[in-house]
Amino acid sequence: MRTGAVIAAAAMSARMEQFKQQMKIGNRTMAERVIVNFQQAGIREIVIVTGHRCEQIEKELRNFGVTFLKNRDFESTRMFESVKIGLEYMKDRCDRVFFCPADIPFFMANTVEAMLRQDADVVQPVYGEKAGHPILLSAGLIPRILSYAGDEGLRGALRSIEGLRRIRIEVEDEAVLMDADTGEAFQRLADLHNARLIHPKAEVMLENCRPFFCRQTADLLCQIAQTGSVREACSSLGISYSKGWSIISDAEDGAGYRLVERQPGGKHGGSAGVTKRGMKLAEMFADFETQVNSAAEDIFRQIFLNSELF
């Protein structure tokens, strides 16, 4: 079952008078941390909806393998418009979609994993009888959410759907409730960050004579398959067109076969697609990466968590 995530990072906080998404806690911004939390749980199809300072945030996040969408009306619309932009993009790409604002950065990966084990239209984490984020939605709900014309946002859209199967799952993860709308809340997040600072992260790649295939390569191939355009795929990943072709060329040299099919440009421009072998390679790499990171988490716990170092 394909699962994606939509992160809303378009607006500046009115209460803190800062752009919270780029505020750092430790060595990562809030937006980076939300992305990493999803990726640690194996979520690879991630969209971040930008608005305020969109160019800057895309530059800072371009190496995280996410897709960037813009809410051009972020100054005059509420967060729900960013939600809809992300869900519109995801509706034919995933079977389930997480949604989370970028200012709730420290929910745990095992909370995401516990939510994924549930079978419902809507799954929401609960801590101390209060529901929080992220929220997991069935893709089948997306058309009805997009058609909602009320003024109560995502909550109102879900309330308007009859027969909704909803599960609220109790989690031992206070961070599902924690945003950063005040200086005091921000400090609490900083303290929580320090307590969870150390964790394993395995970066894998394929090589023969030299490295030729990594997560960025797989993400680029998936975007080309979805958009039919190398230029559009590069734009959505925040990399240059020339960089994209360099990645493709290196990957094809290393694999020894064609990964991307080129269609020369004409009156309406060229197009591109991913070969069957290219898609199979990207899928196998994603499975390999997930299993390596799962093994790394188990090994980390065995070696470090019972030591006196942390």
Side-chain angles (χ1 to χ4, degrees), residues 2 4-11 19 21-22 29 31-32 34-36 38-39 43-75 77 81-94 97-99 102 142 146 212-252 258-275 278-279 281-283 285-286:
R2 299 170 300 167
V6 173
I7 302 169
F19 189 48
Q21 292 82 334
Q22 291 180 294
T29 66
E32 289 171 347
V34 178
I35 293 169
V36 169
F38 281 127
Q39 290 178 338
I43 308 301
R44 298 301 172 200
E45 184 75 47
I46 299 175
V47 163
I48 184 160
V49 183
T50 65
H52 183 64
R53 297 183 186 172
C54 58
E55 293 83 5
Q56 186 176 351
I57 197 169
E58 288 180 19
K59 182 179 179 180
E60 292 176 354
L61 300 177
R62 63 187 174 190
N63 294 323
F64 282 81
V66 301
T67 298
F68 299 102
L69 302 176
K70 292 184 179 65
N71 178 358
R72 300 186 185 280
D73 299 319
F74 71 93
E75 292 182 306
T77 58
E81 294 307 312
S82 293
V83 176
K84 291 196 290 185
I85 289 170
L87 293 181
E88 174 69 36
Y89 178 86
M90 287 290 198
K91 66 180 181 182
D92 297 321
R93 290 175 165 83
C94 296
V97 181
F98 280 99
F99 165 69
I142 293 179
L146 296 178
F212 70 90
F213 201 100
C214 64
R215 165 48 44 194
Q216 188 178 46
T217 316
D219 288 338
L220 181 59
L221 291 182
C222 290
Q223 285 295 323
I224 293 170
Q226 291 170 0
T227 63
S229 165
V230 174
R231 189 177 298 279
E232 188 174 341
C234 291
S235 177
S236 67
L237 292 175
I239 62 176
S240 69
Y241 184 60
S242 60
K243 172 71 172 178
W245 276 114
S246 177
I247 292 170
I248 294 167
S249 178
D250 288 346
E252 291 183 335
R258 183 65 63 86
L259 302 177
V260 176
E261 298 172 324
R262 293 82 159 169
Q263 297 294 330
K267 181 178 179 181
H268 301 291
S271 62
V274 179
T275 65
M279 284 306 302
L281 179 60
E283 292 166 0
F285 181 86

Dump the intermediate steps for salt bridge (Lys or Arg N to Asp or Glu O under 4.0 Å) on Lys91 and Glu88, then the final yes or no.
-> CA-CA 6 Å; Lys91 66 180 181 182; Glu88 174 69 36; 2.9 Å; yes
So Lys70 and Glu55, salt bridge (Lys or Arg N to Asp or Glu O under 4.0 Å) or not? Walk me through it.
-> CA-CA 10 Å; Lys70 292 184 179 65; Glu55 293 83 5; over 6 Å; no
Please report the C-alpha distance between Leu61 and Phe68 in whole Å, then the side-chain angles of each, then the deciding distance to 0.1 Å, and finally whether the side chain to side chain contact (heavy atoms under 4.5 Å, CB included) criterion is met.
-> CA-CA 9 Å; Leu61 300 177; Phe68 299 102; 3.7 Å; yes
Take Glu60 and Thr29, measure what side-chain hydrogen bond (donor to acceptor under 3.5 Å, both in side chains) needs, and give me the verdict at the end.
-> CA-CA 9 Å; Glu60 292 176 354; Thr29 66; 5.2 Å; no
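Note that CZ of Arg2 and CZ of Arg93 are 10.0 Å apart. Values are rounded to the nearest 0.5 Å. For the atom pair Cys222 SG and Phe285 CZ, the distance stands at 11.0 Å (nearest 0.5 Å). Here the straight-line distance linking atom CD1 of Ile247 with atom SG of Cys214 works out to 7.0 Å at 0.5 Å rounding. Going from atom CD1 of Ile48 over to atom CD1 of Ile46 covers 9.0 Å, rounded to the nearest 0.5 Å. Taking OG1 of Thr217 as the reference point, atom CG of Asp250 lies at 8.5 Å (rounded to 0.5 Å). Taking OG from Ser82 and CG from Leu87, the interatomic distance works out to 10.5 Å, rounded to the nearest 0.5 Å.
Other residues, nucleotides and ligands place more than 12 heavy atoms under 6.0 Å from the CZ atom of Arg262.
The salt bridge (charged side-chain N to carboxylate O under 4.0 Å, His left out) analysis of residues 217-229, with sequence neighbours excluded, yields the pairs Arg215-Asp219. Pairs passing the salt bridge (charged side-chain N to carboxylate O under 4.0 Å, His left out) check and including a residue from residues 221-248, sequence neighbours excluded, do not occur.
By the 4.5 Å heavy-atom criterion applied to side chains, Leu221 and Leu259 are counted as neighbours. A 4.5 Å side-chain heavy-atom check between Glu81 and Asp73 finds every atom pair outside the cut-off. Residues Val83 and Val6 have side chains not in contact (no heavy-atom distance under 4.5 Å, counting atoms from C-beta outward). A heavy-atom distance below 4.5 Å is found between the side chains of Gln223 and Gln226. Within the 4.5 Å cutoff, the side chain of Phe64 has heavy atoms near those of the Val36 side chain. Between Lys84 and Tyr89 there is no side-chain heavy-atom pair separated by less than 4.5 Å. Contact of the Thr50 side chain with the Asn71 side chain is not registered, since no non-hydrogen atoms from C-beta on lie closer than 4.5 Å. The closest side-chain heavy-atom distance from Val49 to Ile7 is not below 4.5 Å.
Nearest approach of Leu220 to Gly244, heavy atoms of both residues: CD2-O, 3.5 Å. Smallest separation of non-hydrogen atoms from Ala251 and Phe213: CB-CD1, 4.4 Å. Among all heavy-atom pairs drawn from Cys94 and Gly4, the shortest one is SG-N, 3.5 Å. Between Val66 and Leu237 the shortest heavy-atom distance is O-CD2, 3.4 Å. The heavy-atom pair separating Val274 from Ala225 by the smallest distance is CG2-N, 3.7 Å. Across Gly86 and Leu69, no two heavy atoms sit closer than the pair CA-CD1, 4.2 Å.
A donor-acceptor pair shorter than 3.5 Å cannot be found between the side chains of Glu261 and Thr275.
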